[in-house]
2 protein chains.
Amino acid sequence: MTGSATVPRTAEELRAAILERYDTFSKRLQQIARFVLDHPDDLALETLAVVAERSGVQPSAIVRFAKALGYSGAMPMQRLLRDGLLANHTALGYGERVRQFNAALDHQAGAGDDGDLLAEFVERDTLALENLGQTMTKADLARAVKLIDQAQTLYIMGFRRAFPVASYLAYSFQQVGKRTIFVDGVGGLTSQQMGAVGETDLLIAVSYHPYAEETVHAVEAAAGAGAKVLTITDSLVSPMAKMAVHVLQVRESEVRGFRSLAASLCLAQTLVISLAFERERASARGVSRPRRRKA
Amino acid sequence: MTGSATVPRTAEELRAAILERYDTFSKRLQQIARFVLDHPDDLALETLAVVAERSGVQPSAIVRFAKALGYSGAMPMQRLLRDGLLANHTALGYGERVRQFNAALDHQAGAGDDGDLLAEFVERDTLALENLGQTMTKADLARAVKLIDQAQTLYIMGFRRAFPVASYLAYSFQQVGKRTIFVDGVGGLTSQQMGAVGETDLLIAVSYHPYAEETVHAVEAAAGAGAKVLTITDSLVSPMAKMAVHVLQVRESEVRGFRSLAASLCLAQTLVISLAFERERASARGVSRPRRRKA
DNA sequence: GATAGAATGGAACGTATATTCCACGTTTCA
DNA sequence: TGAAACGTGGAATATACGTTCCATTCTATC
């Protein structure tokens with residue numbers, strides 16, 4: 001039944017295949033081909049019956065069209081166009097590509113071959129980074145840097161899975177000369193470490209689902225004391241998000257319950273170096289920081 | 001049945017409505033709300049059953065969620081998100097792409113500008129990951145996993161810049177049930193924490209140039225006590241490399257004097273999950289670990 | 001600690017959908 | 001012009017989906 005040896009596997013390939021074989025199609029099939037080329041989004045999103053009515057053909061004709069291209073039915077073709085739609089979208093098919101990646105991983109897991117596990121994680125982290133670059137706006141970043149710059153003292157916390165990110169932030173901010181206190185929770189001294197937090201300070205709380213209790217409480221306390229809170233988290237409705245003056249959302253893909261931290265650390269480093277540059281620029285303009293100076 | 005007076009009629013309104021009423025939702029409904037906010041495209045394109053499985057809830061729960069927002073069912077809500085996706089796709093051909101174009105212009109603006117610092121880091125981390133995938137051999141990884149698997153107790157250490165990596169390793173290995181001791185150096189108790197290390201144990205030492213003194217000393221001590229040492233480092237001739245039975249070299253690319261940790265963390269995660277798979281496979285084959293099976 | 005109420009999971013249900021099948025119409029070649 | 005092959009429309013069918021319902025579990029209140 002397959003018309004040709006190779007079946008199109010991407011939206012672009014499909015488009016090319018239709019153009020190439022257009023002349024060999026029957027009249028009705030050509031009519032469908034024109035519709036697919038002209039309104040790919042319709043075919044991607046709407047139900048087959050709707051597409052049939054909108055293009056003026058029978059549903060069965062569309063199925064025949066798909067089979068003529070080598071598919072088993074119309075639905076595989078639809079899925080292809082859906083993925084293509086997402087790829088053009090800003091979200092970039094991130095979810096879909098992760099889905100496919102996970103599916104591939106499952107298959108390999110069944111085969112028992114962990115040889116290329118590394119390659120797969122590399123791929124997944126690359127996707128997460130790409131997604132970060134496209135979803136995080138410059139305005140969000142600039143606002144975060146401004147908050148950090150204005151803070152008299154920086155408090156940083158993050159437990160469990162967020163701990164590596166928090167420790168990296170603390171270490172790096174100290175390196176660039178920012179007055180930073182790392183609330184590491186050692187010895188149960190969290191509240192003591194946070195004791196002096198005041199209205200001129202900023203707390204950066206890193207937390208991912210499930211959100212550590214200590215972090216939530218600390219954010220509450222800090223907000224109660226009048227301090228500003230900046231959270232790096234995975235959801236806009238995380239417990240911290242509401243109390244925070246600014247939220248940086250990071251989407252790390254998850255495989256078998258293990259989420260990566262690549263995107264978070266990339267963001268963390270961007271924050272640190274953005275701050276360093278900001279200060280450099282400020283001190284280059286004038287001796288005193290324009291934000292603080294009184295005269 | 002309608003929860004509120006007005007039912008959201010656009011994707012943006014829906015988003016706002018969810019955020020506003022989030023607190024009034026039950027636990028499961030909040031879980032769904034998070035998923036909808038974080039993965040709107042999934043809900044728009046995938047079938048309800050797929051969304052349910054991906055978000056870890058029942059299909060009926062999603063229907064309840066939609067009804068709680070005032071819809072007659074889940075499908076009207078889906079249609080809303082679908083239309084929103086389409087609108088973004090077509091209409092943004094102008095607005096969004098102009099914005100991206102402007103962003104590209106800013107990127108060209110210059111080195112001093114921190115406008116697209118994020119893009120720069122994303123690019124750099126992506127390269128680092130790619131490099132990791134190409135240089136790290138399967139044999140190196142397999143040997144490392146084997147060492148970890150055979151160790152009775154795992155000791156993990158890494159200070160300064162390596163601390164986030166070490167803490168991630170410690171946390172993750174504990175999560176998958178490996179007996180792990182995180183030598184964090186709190187209270188100057190490093191040598192005490194390392195006191196019981198013996199011939200059947202493995203020390204994973206993470207260290208980058210300039211190599212922290214404490215790490216070097218600890219590796220010496222561990223090697224002296226007969227323990228095996230696996231190092232994750234940036235040079236084959238680092239002080240630790242000679243004493244280690246196995247070295248995993250990670251080359252993090254450097255931008256403006258700041259090195260990333262993306263590749264190291266990707267490697268770390270690969271190690272953890274490789275170990276988890278290895279154990280899973282072993283326990284699936286037989287009750288006892290077949291690692292040493294003779295037949 | 002007991003009880004009323006809400007929330008939840010999962011099976012059962014009805015429906016809408018994609019697909020298949022077949023009779024009819026159209027084209028093509030002898 | 002006749003006959004055979006191909007293409008087409010629409011009904012029939014099987015499937016997959018969204019939705020509903022109810023027993024059970026969880027939560028809050030007394």
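The structure presented is a predicted model; accordingly, all values stated were derived computationally and were not measured. In what follows, chains are A, B, ... by sequence order, proteins preceding strands, each numbered from 1.
Residues forming a side chain to side chain donor-acceptor pair (under 3.5 Å) with Tyr155(A) (at least two apart in sequence, or on another chain): none. Checked against ring pair (Phe, Tyr, Trp, His ring centres under 6.0 Å), His246(A) has no partners two or more places apart in sequence or in another chain.
Atom NZ of Lys228(A) sits in a sparse spot, with 12 or fewer heavy atoms from other residues, nucleotides or ligands closer than 6.0 Å.
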Show your working on side chain to side chain contact (heavy atoms under 4.5 Å, CB included) between Asp41(B) and Leu43(B) and close with a plain yes or no. CA-CA 5 Å; Asp41(B) 296 347; Leu43(B) 184 55; over 6 Å; no

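Within the structure, every side-chain polar atom (N or O) of Gln58(B) is placed at least 4.0 Å from both OP1 and OP2 of dT8(C).
Minimum heavy-atom separation, Thr233(A) to Val247(A): CG2-CG1, 3.9 Å.
In this structure, the CD1 atom of Ile32(A) is 10 Å from the C1' atom of dT8(D), given to the nearest Å. For the pair Glu53(A) CD and dA16(C) P, the computed distance is 16 Å after rounding to whole Å. Rounded to whole angstrom, the span from the CZ atom of Phe65(A) across to the P atom of dA18(C) amounts to 16 Å. Straight-line distance from the CG atom of Leu29(B) to the P atom of dT27(D): 15 Å, rounded to whole Å. At whole-Å resolution of the value, CD1 in Ile62(B) and P in dT8(C) are 13 Å apart. Atom C1' of nucleotide dT26(C) and atom CZ of Arg28(A) are separated by 12 Å, given to the nearest angstrom.
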Heavy-atom contacts, protein to nucleotides 12-26 of chain D, under 4.0 Å, summarised as B (base), S (sugar-phosphate only) or - (none) per nt, yield -----SSBB------

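In this structure a side-chain-to-backbone donor-acceptor pair under 3.5 Å is present from Glu13(B) to Arg9(B).
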